Amino acid sequence: MEALKVCLEDPPVSTKDKALKERNFNVVLDVLTRFRAADVEKAVKSLSSEQVDVLMKYIYRGFASPTENSCGILLSWHDKAVTAGGLGSIVRVLTDRKSV
């Protein structure tokens, strides 16, 4: 749970370094895939609203470039993040020009 919070604290949104963004995304995806399905809701509930928005950015980034097992995991995270952040979180992420 702490690894997730650390990953979401300072995302590289203001850099243009694609390699840095890719490495950071891979770390976040690795952290998300290590959670048990039963612990996802508890993890999302422990996040602040800003962290939920950053989490949603990573989830949508994962949807844009899926791997063989990431989609199901990301859908589970998305469900819990929408429950915690509401539709406003989706709108904020989709309208924000700064990507992760």
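Keep in mind that what you see is a predicted model, and the values were worked out from it rather than measured.
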After noting the C-alpha distance and the side-chain angles of Arg92 and Glu50, does the key distance pass the salt bridge (charged side-chain N to carboxylate O under 4.0 Å, His left out) rule?
CA-CA 10 Å; Arg92 285 188 296 276; Glu50 291 84 13; over 6 Å; no
Main-chain N/O of Leu75 paired to Lys80 side chain as donor or acceptor, under 3.5 Å:
no
Verify the neighbour count for atom CG of Leu94: are there more than 12 heavy atoms of other residues, nucleotides or ligands below 6.0 Å?
yes
Taking atom CG of Asp10 as the centre, does the number of heavy atoms from other residues, nucleotides or ligands within less than 6.0 Å exceed 12?
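At most 12 heavy atoms, drawn from other residues, nucleotides or ligands, come within 6.0 Å of this atom.
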Between [Y] and [X], is there a side-chain heavy-atom distance shorter than 4.5 Å?
X     : Y     : result
Met1  : Ser46 : yes
Val82 : Ser89 : no
Asp53 : Asp96 : no

Nearest heavy-atom pair of Val28 and Cys7: which atoms, and what distance?
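For Val28 versus Cys7, the nearest heavy atoms are CG2-CB, 3.7 Å.
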Note: Pro11 and Val54 closest approach over all heavy atoms is CG-CG1, 3.9 Å
Can you tell me how far the [atom1] atom of [X] sits from the [atom2] atom of [Y], to the nearest 0.5 Å?
X     : Y     : atom1 : atom2 : value
Ile73 : Ser76 : CD1   : OG    : 8.5 Å
Asn24 : Arg61 : CG    : CZ    : 8.5 Å
Leu47 : Glu9  : CG    : CD    : 10.5 Å
Leu32 : Ser70 : CG    : OG    : 10.0 Å
Phe35 : Lys42 : CZ    : NZ    : 9.5 Å
Arg23 : Asp17 : CZ    : CG    : 6.0 Å

Is there a side-chain contact (heavy atoms from CB on, under 4.5 Å) between Ser99 and Lys21 once you walk through the steps?
CA-CA 9 Å; Ser99 64; Lys21 288 185 175 195; 3.4 Å; yes
From CA spacing to verdict: side-chain contact (heavy atoms from CB on, under 4.5 Å), Leu4, Gln51
CA-CA 9 Å; Leu4 177 62; Gln51 289 171 320; over 6 Å; no
Where do Arg34 and Asp30 land on the salt bridge (charged side-chain N to carboxylate O under 4.0 Å, His left out) test, with the steps shown first?
CA-CA 6 Å; Arg34 291 180 185 267; Asp30 184 53; 3.0 Å; yes
Please say yes or no: joined through hydrophobic side-chain contacts below 4.5 Å, possibly via intermediate residues, are Val13 and Val93 part of one cluster?
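They do share one cluster, since a chain of ILVMFWY contacts under 4.5 Å joins Val13 to Val93.
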Hey, any chance Val40 and Phe63 share a hydrophobic cluster, counting ILVMFWY side chains that come within less than 4.5 Å of each other, even indirectly?
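Looking at the clustering, Phe63 is in the same group as Val40.
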Taking the six-membered ring for Trp and the single ring otherwise, decide whether the centroids of Tyr58 and Trp77 are under 6.0 Å apart.
no
Evaluate the salt bridge (charged side-chain N to carboxylate O under 4.0 Å, His left out) criterion for residues Lys45 and Glu41: first the C-alpha distance (whole Å), next the side-chain angles of each, then the deciding distance (0.1 Å), finally the verdict.
CA-CA 6 Å; Lys45 285 184 176 181; Glu41 183 173 10; 3.3 Å; yes
